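Remarks on the structure that follows.
Each chain gets a letter, A, B and so on, in the order its sequence line appears, and its residues count up from 1. The figures that follow rest on heavy atoms only: side chains count, while hydrogens, waters and symmetry mates do not. Bear in mind that the values here come from a model prediction, so they are computed numbers and not experimental data.
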Amino acid sequence: MKSLEQLPLPLLEWYRDNARTLPWRSDPTPYHVWISEIMLQQTRVAAVLDYYRRFLEELPTVQALAAVEEDRLLKLWQGLGYYNRARNLQKAARTIVEDFGGRFPDTYEAILSLPGIGEYTAGAIASIAFGRPVPAVDGNVLRVVARITGDRGDIARPETKSRMRAALLSILPQSMPGDFNQALMELGATVCLPNGAPLCRRCPAHAFCAARIGERTGELPVKGGKAARRVEERTVFLIFFENRVALRRRPARGLLAKLWEYPNEPAPAPCPVEAAALADGPAGKHIFSHIEWRMRSVVVQAAGPELPPGWVWADGEALRAEYAVPNAFRSFAKAVEERLK
DNA sequence: AATTCGGGGTC
DNA sequence: GACCCAGAATT
């Protein structure tokens with residue numbers, strides 16, 4: 001990894017001049033860094049900005065996060081995805097309040113022990129918020145290192161990841177590890193782009209990057225895997241009674257756990273309530289990482305207010321402000337709103 | 001080591 | 001379509 005040794009100085013200089021202005025950088029308290037890092041897991045900066053602002057506005061402290069109602073927390077997370085992140089955030093907040101006296105733990109090992117925090121996030125928080133000299137190796141960093149060093153190892157494999165992490169640890173500037181880690185990610189996000197289209201002319205590693213010199217940026221990094229996606233046909237029931245719509249809570253474990261949904265079943269499925277009228281509603285499609293839902297909908301005028309146990313009637317205001325409904329059902333939002341007026 | 005967990009931007 | 005994103009937890 002000889003070429004990596006030349007990286008720190010030009011990288012830090014580049015970062016000083018090119019760092020984006022991001023809300024979690026203006027006041028990098030451990031709480032701010034933590035919330036931002038969890039939201040940013042597998043999620044682009046642009047998608048996080050509004051959620052981050054709303055979240056900190058309502059839950060400005062670890063104590064507030066520890067105490068908030070779970071349904072309110074899910075509502076704040078609605079649409080961001082990977083909802084276990086929100087639940088783990090609260091578990092960790094309660095651990096911090098109860099076991100750490102409300103003070104965020106300040107060592108890599110203690111941070112790593114918290115729910116929802118793995119090697120990457122522990123390294124990010126420890127280095128950015130506490131100045132600890134540990135690497136933070138995310139997807140951006142793996143791509144940058146693979147290209148600069150010309151490493152053909154599969155970056156999806158733990159062995160490749162740990163090799164690159166060790167190489168980074170050996171060159172990590174002890175004085176400013178947080179800036180170095182952020183600079184590497186920033187470089188990956190804005191210059192050393194995926195899809196074989198990096199902006200090498202703007203790169204501080206231009207002179208010594210193995211992939212650029214060898215014209216192999218299109219072949220690096222090497223990444224295997226890609227599980228096939230299964231398709232599920234589902235029927236969604238948009239059930240109305242007197243300007244309200246029926247919702248039910250999803251199971252506590254698994255996909256979209258504990259979020260609210262319009263009742264739906266694998267197609268074909270019979271109407272789950274006594275109906276005064278039935279009509280076809282809009283179709284919808286939603287693509288998860290590992291599943292594709294192809295949905296048709298049925299608009300149901302319920303014969304009465306009776307619902308199966310656990311289901312609820314929601315009016316337009318409750319639907320907007322109270323119930324966390326995942327974006328998988330966004331195709332039906334307009335049709336539902338129309339009938340709740 | 002492989003799968004499960006969302007959702008959206010980008011090519 | 002395919003890839004990827006400031007990944008972690010579970011199996």
Side-chain angles (χ1 to χ4, degrees), chain A residues 19-20 22-25 28 32-52 74 77-89 91-92 111-129 135-144 154-161 165 178 180-190 192-198 218 221-231 250-251 253-259 261 285-293 324-331:
Chain A
R20 290 169 291 181
L22 298 173
W24 43 89
R25 286 178 177 164
H32 292 166
V33 174
W34 175 40
I35 301 302
S36 71
E37 290 298 342
I38 299 300
M39 287 187 171
L40 286 162
Q41 287 170 1
Q42 294 294 286
T43 308
R44 295 170 186 280
V45 166
V48 164
L49 294 173
D50 281 344
Y51 285 90
Y52 180 80
L74 288 176
W77 211 267
Q78 173 185 36
L80 194 55
Y82 287 152
Y83 298 92
N84 277 329
R85 292 185 292 180
R87 285 184 282 271
N88 283 333
L89 214 42
K91 280 187 202 168
I111 295 168
L112 183 60
S113 75
L114 295 170
I117 296 183
E119 259 195 0
Y120 160 74
T121 305
I125 298 172
S127 64
I128 298 169
V137 184
D138 73 335
N140 288 308
V141 175
L142 290 170
R143 180 172 60 255
V144 170
D154 181 349
I155 60 169
R157 287 175 48 205
E159 186 233 321
T160 308
K161 223 171 281 189
R165 187 175 190 280
F180 180 76
N181 287 334
Q182 292 187 84
L184 268 176
M185 294 188 275
E186 194 88 349
L187 188 64
T190 63
C192 195
L193 303 172
N195 301 326
V222 173
K223 185 173 183 179
K226 69 168 189 250
R229 180 182 300 127
R230 68 177 181 273
V231 175
R250 291 181 58 84
R253 310 180 67 87
L255 185 68
L256 305 171
K258 292 188 177 180
L259 275 70
E261 67 180 358
K285 181 172 78 165
H286 188 77
I287 299 177
F288 302 97
S289 304
H290 55 304
I291 307 172
E292 176 176 335
W293 279 355
V325 178
N327 282 4
F329 298 96
R330 181 159 278 180
S331 330

key: Phosphate-side-chain proximity, A:Gln42 and C:dG7, N/O vs OP1/OP2 below 4.0 Å   = yes
message = Heavy-atom nearest nucleotide on DNA chain C for A:Lys285 versus A:Gly139: which residue maps closer to 5'?
response = A:Lys285
request  = Report the nucleotide, chosen from C:dC3, C:dA6, C:dA9, that has the shortest atom-to-atom distance to any side-chain atom of A:Asn195.
outcome  = C:dC3
So [X], base contact, sugar-phosphate only, or nothing? Heavy-atom distance under 4.0 Å.
X: A:Val141; result: nothing
X: A:Arg20; result: base
X: A:Ile125; result: nothing
X: A:Ile38; result: nothing
X: A:Thr121; result: sugar-phosphate
X: A:Arg25; result: base
X: A:Ala328; result: sugar-phosphate
X: A:Gly188; result: nothing
X: A:Phe288; result: sugar-phosphate
X: A:Asn84; result: nothing
X: A:Arg143; result: sugar-phosphate

task = Kindly indicate whether the side chain of A:Leu187, heavy atoms from C-beta on, has any atom under 4.5 Å from the side chain of A:Val141.
result = no
message = For A:Ala124 versus A:Val33, what's the shortest heavy-atom pair and its separation?
response = O-CG1, 4.4 Å
inquiry  = Which residues pass the side chain to side chain contact (heavy atoms under 4.5 Å, CB included) test with A:Pro221, not counting sequence neighbours?
reply    = A:Arg143, A:Ala146, A:Arg147, A:Ile155
First of A:Arg157 and A:Val325 reached from the 5' end of DNA chain B, by closest nucleotide = A:Arg157
request  = Could you check A:Glu159 against A:Arg85 and say which one's nearest nucleotide on DNA chain B is further toward the 5' end?
outcome  = A:Glu159
message = Could you tell me the boundaries of the chain A footprint on DNA chain B, defined by atoms under 4.0 Å from its heavy atoms?
response = B:dA1 to B:dG9
Would you say [X]'s side chain and [Y]'s backbone share a donor-acceptor pair under 3.5 angstrom?
X: A:Trp77; Y: A:Gly81; answer: yes
X: A:Arg229; Y: A:Glu292; answer: no
X: A:Tyr83; Y: A:Gln78; answer: no

query = Ignoring hydrogens and angles, does a donor from either the side chain of A:Arg44 or the base of C:dC4 sit under 3.5 Å from an acceptor on the other?
reply = yes
key: By ring-ring contact (aromatic ring centres under 6.0 Å, His included) - contacts of A:Trp293 (at least two apart)   = A:Phe288, A:Phe329
task = Figure out the OH/P separation between A:Tyr120 and C:dA9, and round it to whole Å.
result = 14 Å
